[in-house]
Amino acid sequence: PLHRKSCGPACRAQGSRVRVRLRPKSNGSLSGPIRFIIDSGSASHIANKGECSPELLARICNLDPALEMSTVNGHVSVSDGLQIEVPALRRGMQFALLPNSPSIISLGRLCMLSGYSLHWPSSSPPYLIDPSGQRIDLVVENYVPYISNAQFSDTTVEGISGAMST
């Protein structure tokens, strides 16, 4: 079962599976999502507003032009953007900011515009090859590939102040 609040040792004693939503620590640093879905169905990189620190949210910029998106909740126009460093990819990227969305990296944008390749061998976890030839392993949960920054930082992702990439 999926629990929305901590149920303490009682859940563990019953052997229930508990899903924990990782949130960034707010220690004055610019922190954003810890992991992203690698999504072949999204044309844009998307960051969940609830996974970003107040310090990072203070750097919201206007997307010009605004992005027009079709979501499960209907058509939306997104004008808020953020520049976020993704340590697992060793680069900063521009993200559309949405309040109720999973954090997503667009696979098409990553491969077509940024020079990455996706490899998913049969019965094995997928991985990316970056433009310099470095392998970046992905994790799979419920058949969905994710990239995680947790191994590159102490449960936070630092924001950047340099130029944005697509």
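- Listed here is the closest heavy atom pair of Leu118 and Cys111: N-SG, 4.1 Å.
- Listed by first then second residue, pairs satisfying salt bridge (charged side-chain N to carboxylate O under 4.0 Å, His left out) with a partner in residues 39-48 number zero, not counting sequence neighbours.
- Residues Val76 and Leu63 are members of one and the same hydrophobic cluster, defined by side-chain heavy-atom contacts under 4.5 angstrom among Ile, Leu, Val, Met, Phe, Trp and Tyr.
- For the pair Ile46 and Val78, the minimum side-chain heavy-atom distance is 4.5 Å or more.
- Taking every heavy atom of both residues into account, Ala88 and Ser148 meet most closely at CB-O, 3.5 Å.
- No single ILVMFWY cluster, assembled from side-chain heavy atoms under 4.5 Å apart, contains both Ile129 and Leu138.
- To the nearest 0.5 Å, the span separating CD1 on Ile38 from CD1 on Ile147 amounts to 5.0 Å.
- Taking CG of Asn149 as the reference point, atom CD1 of Ile84 lies at 9.5 Å (rounded to 0.5 Å).
- Listed by chain and number, the residues in a salt bridge (Lys or Arg N to Asp or Glu O under 4.0 Å) with Asp130 are Arg90 (sequence neighbours excluded).
- The CG atom of Asp137 sits 12.0 Å away from atom NE2 of His119, with the distance rounded to the nearest 0.5 Å.
- In terms of heavy-atom proximity, Lys49 sits nearest to Pro99 at CB-CA, 4.0 Å.
- The minimum heavy-atom distance linking Phe36 with Pro33 is given by the pair CZ-CB, 3.7 Å.
- Rounding to the nearest 0.5 Å gives a distance of 12.0 Å between CZ of Phe95 and SG of Cys61.
- Side-chain contact between Arg91 and Tyr116 is present, with heavy atoms from C-beta onward closer than 4.5 Å.
- Note: the hydrophobic cluster containing Val144 also contains Leu98 (ILVMFWY, side chain heavy atoms under 4.5 Å, direct or indirect links).
- Leu67 and Ile37 end up in the same hydrophobic cluster when Ile, Leu, Val, Met, Phe, Trp and Tyr side chains are linked at under 4.5 Å.
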Open item on the list: Applying side chain to side chain donor-acceptor pair (under 3.5 Å) to Gln94 and His45, what does each step give before you reach the verdict?
Closed with: CA-CA 7 Å; Gln94 179 180 345; His45 306 311; over 6 Å; no
What pairs of donor and acceptor atoms, side-chain ones from residues 100-108 against any protein atom, are under 3.5 angstrom apart with sequence neighbours left out?
| residue | atom | partner | partner atom | Å |
| --- | --- | --- | --- | --- |
| Ser103 | OG | Asn48 | N | 3.1 |
| Ser103 | OG | Glu51 | OE1 | 2.7 |
| Ser106 | OG | Ser42 | O | 2.7 |
| Ser106 | OG | Arg109 | N | 3.1 |

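- Interatomic distance, Gln83 CD to Met93 CE, rounded to the nearest 0.5 Å: 11.5 Å.
- Note that CG of Leu56 is 4.5 Å distant from CG of Leu82, once rounded to the nearest 0.5 Å.
- Residues Cys52 and Leu97 share a closest heavy-atom pair of SG-CD1, 4.3 Å.
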